[in-house]
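Below you'll find the structure, written out as structure tokens, and then a few comments.
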Amino acid sequence: MELPKNYNHLETEGRIYKLWEESGFFNPDNLPLRRAQGKPAKTFSIVLPPPNVTGILHMGSALMLALEDIMIRYQRMRGKRALWLPGTDSAAIATQARVEKDIHKKEGENRHDLGREELLKRIDKFVEENKATILSQIRAMGASVDWSRYAYTMDEKRYKAVMTAFVRMYEADLIYRGNRVVNWDPKGQTTISDDEIVYEERPAKLYTFRYGKDFPIPIATTRPETKLGDTGVAVHPEGKYKKYIGQEFNLEFCGEKLNIKIVGDESVDQEFGTGAVGLTPAHSMIDWEIGQRHGLAVKQIINEYARMTVDGEMKDKKTTEAREIVIDWLKKQGLLEKEESITQNVATAERTGGIVEPLPKLQWFITVNKEIGGRGKTLKDLMREPVANGDIRIIPEHYSKTYFHWIDNLRDWCISRQIWFGHRIPIWYKGDEIYCGVEAPKDDGPAPLPDRQAGAKASAGKWEQDPDVLDTWFSSALWTFSTLGWPEKTADLKTYHPTDILETGYDILFFWVARMIMMSEFHLQQVPFRTVYLHGLVRDEKGQKISKSLGNNIDPLEMMRKYGADAVRVSLIAGTAAGTDIKISEHKIRGYRNFSNKIWNTARFVLMSTDNVNMEAELTAEDRMIMDELGALSVEVTKDIEEYRFYLAAEKLYHYVWHTFADKILEEAKVKLAGKDAKVKASAQRMLMEVLATCLKLLHPFMPFVTEELYGKLPLSGKKMLMIESWPT
RNA sequence: GCGCGCUUAGCUCAGCGGUAGAGCAUCGCAUUCACAUUGCGAGGGCCGCAGGUUCAAAUCCUGCAGCGCGCACCA
């Protein structure tokens, strides 16, 4: 048989993917399972970290797909009941912002002009129109996901899971409504969680001043305008200002009446600044916490649009304008003692880039430090324990430390968001009654749950649902089991949960991994996965982050068109251990395209030289040795895969195929094939065919397209589709 | 401030106790022979610095430096 001279990925990939998909073997229910020592076949499951439903494939998701496909294809060939469950994420804030922007551009209207219902309709339409893109791109990578189990974070089943999870946690008293200082994004007009903040270093001025001529303690601040909201000053309980603790001062500060209490608090660092902290409980997370400890008043002076709410000259002024006014006033009064230039970290919102304004707001929270009834543990404990006792293994291991560190510093999780796209909070209000449930209670229906939230305002009339939606990570946190049908007791849930591996980027260890552990432990009393494999960030060849603004984007789709999916996959895997960032370049991808072609041509040669090959022919001692050496390599590669060293496995196979099989074995075989000794020739033919077949199997998880295509051409009896062939060891 | 990681050939990285490795790049040579998306060959490294442990250290320990990252702080 003779093949074309070069491997043509464009002609091959779509056809092969279709073949796989139509075979039904992506669905583990259809797999020819192998019983292991009389026991039923083991299962192996991965849920795909859902890409943004309206997104396009970038190198990061390409890496994710490549790694997970390697794992699942390997396990499938080992005869396991291998499930890789695909899905997409609604990416609430990002998607809504995108649609709002489009509408504003085209129609000049904002969301309030449209109204909630209409906006949601538009978003759904946008999602529907765009989701095919990401799904076809997942296919293009060769991902062997079970499409029959596809899930979307906003579909019917996931909605039910989210609602059930919320109601159960509310009933367990772990969800509460509280008026607390939250991170408010004035640009996005919503709260965000601590993890959605990105700190940016910026130059700033540190001002040292006194509230008044008779005030005994100087105070430093970078935000003088917030001082209008000060209600206290904290000093160290044993420090130089100890004698003032307990005193109260009433003063007039820039036109505003202040009542300042001096309190002693351990958290004050005597060495820093003036050794005393002006407390603005309404506009600083830390000050709020100190204020809570000492019963200080919370005085809000900045609104949701980052404008001043105080009466007089400053009313409705931007905070930056108010700052100048306060500084002028301080100077005129002779109260400004020092002005220094410093750099400070400014909190900005990850999604919108807006400067975060801490504000007191009535929001919904999940408490992480409260004992769960009947379990004697907090949600924090549930997150910590499985990692601490080894039920969950994090790879690379050093991320465990980072994980614990994060948990130790964890505050309650603010889960309400002031956007419209997402799972709406299943809380209903009528007068001072609060009811938690998916549907509003019928007025003559069952009595609502007792209201634990003191101080709800009375307003007669109908039950009205809370207007907010849940943080998108709330639904993502249920992903390992909501995708398997929870809260129904499905067979899938029983069979595939806990999942085996959660493979994702280290950048969402906290956002997602920790919260999945929390939710699974709480709702199922089970770990969500046994192993967490964290991959690095994909960077350009200079090590810079890939971003639109840098113009250094390497588009995986374009690379796949040019060089083939197999080449893109291996170039992302080779030379990269878990957790380390990956430098990618077109250059590297081209190198692996050449490798695809090398595989093609070794097969081409073998097929040309093995007409009427006898697979029963006796092997010469030399050829047996070649088979033994390949056997040893198989064992090594298997071990590397089992221990998550995919880069090593890929590199070893690359080296073997190119520099041992093609350069040495093939070259030496040419002599034997041309020789007169029939036995030697028959042995060589069989050996070549066997080495080729084994190489294709070992390479298949890494380069599924070219290997499947070639394997289909081998004249072997009893052959199956390569995807479900037995692994060589 | 606390923590984590990295530092090995021009570049990207493996190796992690026993005489320095790969890929790419560079430089020669070859070519109707499976593949020019090729073959053969060559050059190139005080394995960040300083100590220590050891018969033996790129590899283990300590300290330092540079780079990157996370968390906290940022009064």
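Chain A is the first sequence line, chain B the second, and so forth, proteins listed ahead of strands; every chain is numbered from 1.
In this structure, the salt bridge (Lys or Arg N to Asp or Glu O under 4.0 Å) partners of E636(A), at least two apart in sequence or on a different chain, are K652(A). With sequence neighbours excluded, the residues satisfying side chain to side chain contact (heavy atoms under 4.5 Å, CB included) with Q300(A) are A282(A), H283(A), L359(A), P360(A). Legend: residues meeting ring-ring contact (aromatic ring centres under 6.0 Å, His included) with F705(A), ordered by chain and number and at least two apart, are W20(A). With sequence neighbours excluded, no residue forms a salt bridge (Lys or Arg N to Asp or Glu O under 4.0 Å) with R593(A). Here K670(A) pairs with E667(A) under the salt bridge (Lys or Arg N to Asp or Glu O under 4.0 Å) rule; sequence neighbours left out. Contacts of R293(A) classified as salt bridge (Lys or Arg N to Asp or Glu O under 4.0 Å), with partners at least two apart in sequence or in another chain: D265(A).
Looking at which nucleotide of RNA chain B each of I582(A) and G275(A) is closest to, the 5′-most match is held by I582(A).
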Contact list (N/O, under 3.5 angstrom) for nucleotides 39-42 of chain B vs protein:
{"unit_1": "G39(B)", "atom_1": "OP1", "unit_2": "K598(A)", "atom_2": "NZ", "d": "3.2"}
{"unit_1": "G39(B)", "atom_1": "OP1", "unit_2": "W658(A)", "atom_2": "NE1", "d": "2.3"}

Check nucleotides 2-5 of chain B against the protein and report each pair of N or O atoms closer than 3.5 Å, with its distance, or say if there are none.
{"unit_1": "C4(B)", "atom_1": "OP1", "unit_2": "K401(A)", "atom_2": "NZ", "d": "2.7"}

I'd like a table of atom pairs between the protein and nucleotides 62-68 of chain B - only N or O on both sides, under 3.5 Å - with the distance next to each one.
none

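Nucleic acid contact for L279(A): none, since no nucleic acid atom lies under 4.0 Å from a heavy atom of the residue. T221(A) comes within 4.0 angstrom of sugar-phosphate atoms only, judged by non-hydrogen atoms across all strands, and of no base. Contacts of Y654(A) with the nucleic acid, taken as non-hydrogen atoms under 4.0 Å apart, involve only primed sugar atoms and P, OP1 or OP2. Heavy atoms of V268(A) sit under 4.0 angstrom from at least one base atom. Residue contacts shown for K588(A) are absent, as no nucleic acid heavy atom lies under 4.0 Å away. Within 4.0 Å (heavy atoms only), N409(A) reaches sugar-phosphate atoms of the nucleic acid but no base atom. Across all strands shown, L509(A) has no heavy atoms under 4.0 Å from either base or sugar-phosphate atoms. S596(A) comes within 4.0 angstrom of nothing in the nucleic acid, heavy atoms only. If you check every strand for non-hydrogen atoms under 4.0 Å, R411(A) touches sugar and phosphate atoms only.
Between Y399(A) and Y506(A), the ring planes are parallel. Angles under 30° get that label, and only those over 60° would be called perpendicular.
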Report all side-chain donor-acceptor pairs from residues 233-243 of chain A shorter than 3.5 Å, counting only partners two or more places apart or in another chain.
{"unit_1": "H236(A)", "atom_1": "ND1", "unit_2": "E238(A)", "atom_2": "N", "d": "3.1"}
{"unit_1": "E238(A)", "atom_1": "OE1", "unit_2": "K242(A)", "atom_2": "NZ", "d": "3.4"}

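The OH-P distance, from Y592(A) to U37(B), rounds to 19 Å in whole Å. Spacing between atom CD1 of I290(A) and atom C1' of C73(B) amounts to 12 Å, rounded to whole angstrom units. One interatomic measurement links the two molecules: CZ of F661(A) to C1' of U38(B), which rounds to 17 Å at whole-angstrom precision. One can place CG of N8(A) at 13 Å from C1' of U37(B), the figure rounded to the nearest angstrom. Between the C1' atom of A34(B) and the OH atom of Y7(A) lies a distance of 17 Å, rounded to the nearest Å. In this structure, the NZ atom of K5(A) is 7 Å from the P atom of C33(B), given to the nearest Å. Distance CG (L206(A)) to P (C73(B)): 17 Å, rounded to an integer number of Å. Spacing between atom CD1 of I219(A) and atom P of C74(B) amounts to 13 Å, rounded to whole angstrom units.
Comparing G45(B) with G15(B), their C1' atoms sit 15 Å apart, to the nearest whole Å. Rounded to whole Å, the C1' atom of U7(B) lies 25 Å from the corresponding atom of G43(B). Nucleotides G18(B) and U32(B) have their P atoms positioned 46 Å apart, rounded to a whole Å. Look at the C1' atom in both C13(B) and A20(B): the space between them is 15 Å, to the nearest Å. Look at the C1' atom in both A57(B) and C49(B): the space between them is 16 Å, to the nearest Å. Here the separation of C73(B) from G5(B), taken at their P atoms, is 23 Å to the nearest Å. Taking atom P in both G63(B) and C4(B), the straight-line distance is 12 Å, to the nearest Å. Nucleotides A22(B) and G68(B) have their P atoms positioned 31 Å apart, rounded to a whole Å.
Contact annotation: N594(A) side-chain N/O to U38(B) OP1/OP2 distance is under 4.0 Å. Taking side-chain N and O atoms only, Y647(A) has no distance below 4.0 Å to OP1 or OP2 of U12(B).
Salt bridge status for K380(A) with D408(A): absent, with no side-chain N to carboxylate O gap under 4.0 Å. For the pair R180(A) and D412(A), the salt-bridge criterion is met [side-chain N within less than 4.0 Å of a carboxylate O]. Using a cutoff of 4.0 Å between basic side-chain nitrogens and carboxylate oxygens, E586(A) and K562(A) are scored as salt-bridged. Look at K227(A) and D230(A) and you find a salt bridge, because one of the NZ, NE, NH1 or NH2 atoms lies within 4.0 Å of a carboxylate O, short of that distance.
Scanning all heavy atoms of the two residues, the minimum distance from Y211(A) to L258(A) falls at CD2-CD1, 3.9 Å.
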For this session: Map every base of RNA chain B to its dot-bracket character, where paired means a Watson-Crick or G-U wobble contact with both distances under 3.5 Å and | marks a partner outside the strand.
Result: ((((((((.[[[[.)..(..]]]].(((((.......))))).....[[[[[..)....]]]]])))))))....
For this session: Decide yes or no on side chain to side chain donor-acceptor pair (under 3.5 Å) for E709(A) and Y7(A), but give the supporting numbers first.
Result: CA-CA 10 Å; E709(A) 171 73 353; Y7(A) 170 54; over 6 Å; no
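Considering only the side chain of F510(A), C71(B) comes nearest among C35(B), C71(B), C73(B). Ranking U37(B), C73(B), A34(B) by closeness to the I286(A) side chain, first place goes to C73(B). Minimum atom distance to the side chain of M608(A) is reached by A34(B), of the listed C74(B), A22(B), A34(B).
No side-chain N or O of N369(A) forms a donor-acceptor pair with one of T378(A) less than 3.5 Å apart. Between S596(A) and D566(A), the side chains place no donor N or O within less than 3.5 Å of an acceptor N or O (distance only, hydrogens not considered).
Counting distance only, with no hydrogens placed and no angle test, the side-chain atoms of K652(A) and the base atoms of A22(B) include no donor-acceptor pair under 3.5 Å.
Within the structure, salt bridge (charged side-chain N to carboxylate O under 4.0 Å, His left out) contacts touching residues 272-292 of chain A (residues at least two apart or in different chains) are E289(A)-R411(A).
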